[in-house]
There are 2 protein chains.
Amino acid sequence: MERELLLLGLLRQHATHGYELSAFVEGAMNACVDLKKSTAYFLLDKMAATGWVIVQETREGNRPPRKTYTLTAAGEAEFQRLLRQNLASFNLPKLSNDIGIAFIDTLSQDEAIALLQQRRKHLLSQINQTQHTPKHAGSLQLLIEHQIYVLNSELAWLDTVILRIIAQTKPPIGAE
Amino acid sequence: MERELLLLGLLRQHATHGYELSAFVEGAMNACVDLKKSTAYFLLDKMAATGWVIVQETREGNRPPRKTYTLTAAGEAEFQRLLRQNLASFNLPKLSNDIGIAFIDTLSQDEAIALLQQRRKHLLSQINQTQHTPKHAGSLQLLIEHQIYVLNSELAWLDTVILRIIAQTKPPIGAE
DNA sequence: CTACAATTGGTCAAATCTGACTAATCAATA
DNA sequence: TATTGATTAGTCAGATTTGACCAATTGTAG
């Protein structure tokens, strides 16, 4: 339902066609949202069937007709409902992408640390990229800030993991 | 690929049937992984087709036959590959579930704050639940710790958002 | 003992998602 | 001004995911 909320919220600002919507989401919002063009069209069509939006094919020249989606009153109501539901609840994001961590003890310490250093670099570059995305309007910007915040906590966590592994079975010189 | 890595990693510890795998994942690992039973079977069958596992139907009594999955050498190799790839890379988790935040400026301050307080409660109770899940063996436990860590950073972030909203247009008594 | 629920083990049709594709237009450049 | 490449706009078959279901077995309470 988060994706529907997003689309309704965007359409609420101004009615537009699927391409612009998905270009925006896959472009400017790329850092915080995963929603492909084809899925966007799918969802829009479903919402049209439900009555939350209406479609108008506007034919220009002889290119394939452009479909403009407009929010209906029912769509506005659904937006209000979804927004409140979304804000009031929290569902933990599952299976981020650290499953590998669960099996890290099958590797030698050296290899484990080398791999995690690489991971650390990926993370840093993502932080950089995300920090340099163009500023969004209004509270959309909060999403980007959240993303940066999350990436930074991941970085901090990763560092503690690396330290733990180093500490683990390397009580070196004066070990007790 | 994270899910395949997980299944291979678990099957590596000991060959077993789909039900036990998915019961474990949907049970003890529920906090950090989202993988339904039916998806697990689907993935297992796919991996069987690829040759990473072999299936043996063991018929006991006249109940529907039980399918036992065993890791092959190719499966072990793929595990090694996926593990390294997973550890060395980082893909940011997208569209957590705070899309609502992007549209929070369409609400009155009072309602926004009330809703976020509710969200805060959900979050707290999830932290509690996750903290009380039974301890996992070995580095599997790291996943749970990560989950708790993430939930706590989400809590901290949520609090800053709430504070920001309160501060936003409420320069009360001696406003300049 | 028996009936009623819970658990074990798995399947399947329907819903959803994806990558690859079409096809027109614009933009630039040789 | 053809040729090439990007951009706009959307479709679709095939892959994946889900929720609901089936059927046997194991408690378990009366």
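Proteins get letters first, then strands, A, B, ... in listed order; numbering begins at 1 in each.
- For the pair B:Phe42 CZ and D:dT16 P, the interatomic distance rounds to 4 Å; values are reported in whole Å.
- Using a 4.5 Å heavy-atom cutoff, the side chains of B:Glu145 and B:Ile148 are not in contact.
- Residue A:Lys36 contributes atom NZ, which lies 21 Å from atom P of D:dG14 at whole-angstrom precision.
- At a non-hydrogen distance threshold of 4.0 Å, B:His17, B:Gly18, B:Tyr19 from residues 11-28 of chain B come into contact with DNA chain C.
- The side chain of B:Arg3 places no N or O atom within less than 4.0 Å of a non-bridging phosphate oxygen (OP1 or OP2) of D:dT16.
- Atoms CG (B:Leu35) and C1' (D:dT17) sit 10 Å apart, rounded to a whole Å.
- When the C1' atom of D:dG19 is taken as reference, atom CG of B:Asp34 falls 13 Å away, rounded to whole Å.
- Between the side chain of A:Thr39 and the backbone N or O of A:Leu35, no donor-acceptor pair lies under 3.5 Å.
- Here the shortest heavy-atom pairing between B:Leu143 and B:Cys32 reads CB-SG, 3.8 Å.
- For the pair B:Glu57 CD and C:dG10 P, the computed distance is 9 Å after rounding to whole Å.
- In this structure, a donor-acceptor pair under 3.5 Å is present between the side chains of A:His146 and B:Glu154.
- For A:Lys67, a side-chain nitrogen or oxygen approaches OP1 or OP2 of D:dT11 to under 4.0 Å.
- Between B:Leu10 and B:Val25 the shortest side-chain heavy-atom distance falls below 4.5 Å.
- Residues A:Gln168 and A:Arg164 have side chains that never bring a donor and an acceptor to within less than 3.5 angstrom of each other.
- Across the protein-nucleic acid pair, B:Arg66 atom CZ and D:dT25 atom P stand 12 Å apart, rounded to whole Å.
- We find that CD of A:Glu4 is positioned 12 Å from C1' of C:dA15, with the value rounded to whole Å.
- Among D:dT16, D:dT17, C:dT16, the nucleotide with an atom closest to any side-chain atom of B:Leu43 is D:dT17.
- For the pair B:Lys37 NZ and C:dT8 P, the interatomic distance rounds to 11 Å; values are reported in whole Å.
- No donor-acceptor pair under 3.5 Å is formed between the side chain of A:Thr68 and the backbone N or O of A:His17.
- With DNA chain C read from its 5' end, the first of the two nearest nucleotides for A:Ser38 and B:Asp45 is the one closest to B:Asp45.
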